[in-house]
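Indexing begins at 1, ligand by ligand and atom by atom, following the structure's order. Numbering starts at 1 and runs along the sequence shown.
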Amino acid sequence: MRLFVAVDPSDEVRAALGRAIEAGRVFAPDAKWQREEAIHLTLAFLGNVPDEREPAIEAALRQVAGRHAPLALRVGEVGSFGSLHRPRVLWVGLDGALAGLTALKEDVEAALAPLGYVPEERAFRPHLTLARAREPRGDARLAEARAGLGRSFSAGPAADFTAGDLILYQSHLSPHGAKYTPRARLPLAG
Ligand code: ATP
Ligand code: MG
């Protein structure tokens, strides 16, 4: 099964980002826009894992979650990955308890390494993906969407949220977009 570890925004933030997605779609109709209910913050992507390893992964994540407190986060600036003029990914960044979030991510990676997880080498850039270009070379219209959505969500009424759970998700890929199913929600109880 294809697994990853994430935290979720609140329903209020999800709804605000859902409205941003509908607004952004007008600027870049060909991009793959995230479904509102699928918005998440990825901490570790495991990829394909043998089914029988899932209980050990869940147990390791439960231990990690027990050592970390809930995280007070805030959605912030709109940004992109890839070329500035032809972005590959359009996202909303995060502010707030980023040190705690990074510590959680590193603890997750350390706990999963003995279970086959290969730690990410790229710098951690916590973000909530709103859209991806359909082509690997990017989508100029995502730059227009970035400008059209404005610089920041942090002034909005629904910017703050508390991440209270570490979530083990299964990803089902399909031509209609990935579907994510929570396998386990592990309370941040530290
Ligand atoms: P699709 O691949 O169909 O565009 P997706 O990327 O949302 O959909 P997955 O590829 O299963 O679905 O990825 C699940 C989550 O893990 C997403 O947040 C994705 O950005 C992240 N992810 C996927 N591959 C990697 C990777 N190699 N390194 C880091 N994160 C990854
Ligand atoms: Mg992917």
Asker: So which protein heavy atom does atom 9 (P) of ligand 1 come closest to, and at what separation?
Answerer: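 Looking only at protein heavy atoms, the one closest to atom 9 (P) of ligand 1 is R2 NH2, 3.5 Å.
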Asker: Check this for me: does any side-chain nitrogen of one of R19 and E22 sit under 4.0 Å from a carboxylate oxygen of the other?
Answerer: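 No, no charged N to carboxylate O under 4.0 Å.
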Asker: Could you list which atoms of ligand 1 come closer than 4.0 Å to a heavy atom of S171?
Answerer: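 Here the atoms of ligand 1 in question are 9 (P), 11 (O), 12 (O).
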Asker: Within the 4.5 Å heavy-atom criterion, are P29 and R141 side-chain neighbours or not?
Answerer: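 Yes, at least one pair of side-chain atoms sits under 4.5 Å.
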Asker: Can you list the ligand 1 atoms lying under 4.0 Å from a non-hydrogen atom of R122?
Answerer: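 Contacts of ligand 1 toward R122, numbered from 1: 28 (N), 29 (C).
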Asker: Under 4.0 Å from any heavy atom of K32, which atoms of ligand 1 are there?
Answerer: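 Those atoms are 4 (O).
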Asker: Identify, by atom number and element, the atoms of ligand 1 in contact range of E120, meaning under 4.0 Å from any of its heavy atoms.
Answerer: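 The atoms of ligand 1 under 4.0 Å from a heavy atom of E120 are 28 (N), 29 (C).
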Asker: Pull out every atom of ligand 1 sitting under 4.0 Å from any heavy atom of L173, numbered as shown with elements.
Answerer: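 Going through ligand 1 atom by atom, the ones under 4.0 Å from L173 are 2 (O), 3 (O), 11 (O), 12 (O).
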Asker: Under 4.5 Å between any side-chain heavy atoms of D8 and F161, yes or no?
Answerer: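 Of all side-chain heavy-atom pairs linking F161 with D8, none is under 4.5 Å.
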Asker: Mind checking whether W91 and H127 have parallel, tilted or perpendicular rings, split at 30° and 60°?
Answerer: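 The arrangement is tilted - the two ring planes meet at 30° to 60°.
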Asker: Does only the side chain of H176 get under 4.0 Å from ligand 1, or the backbone, or both, or neither? Count heavy atoms.
Answerer: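 No part of H176 is near ligand 1 at this cut-off.
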Asker: Does only the side chain of Y180 get under 4.0 Å from ligand 1, or the backbone, or both, or neither? Count heavy atoms.
Answerer: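 Within the 4.0 Å criterion, Y180 contacts ligand 1 through side-chain atoms alone.
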Asker: If every non-hydrogen atom of W33 is compared with every non-hydrogen atom of A28, which pair is closest and at what distance?
Answerer: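 Smallest heavy-atom distance, with atoms named: NE1-O, 2.8 Å.
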Asker: What atoms of ligand 1 come closer than 4.0 angstrom to any heavy atom of H40?
Answerer: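 Those atoms are 15 (C), 17 (C), 18 (O).
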Asker: Can a donor-acceptor pair be found, under 3.5 Å and without considering hydrogens, that links the side chain of R14 to the backbone of E37?
Answerer: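 Between the backbone of E37 and the side chain of R14 there is a qualifying donor-acceptor contact (under 3.5 Å).
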Asker: Can you say whether the rings of F4 and Y180 are parallel (under 30°), tilted (30 to 60°) or perpendicular (over 60°)?
Answerer: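 Geometry flag for Y180 against F4: perpendicular rings.
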Asker: Heavy atoms only: which of F4, W91, F45 is nearest to atom 26 (C) of ligand 1?
Answerer: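 Looking at heavy atoms only, F45 sits closest to atom 26 (C) of ligand 1.
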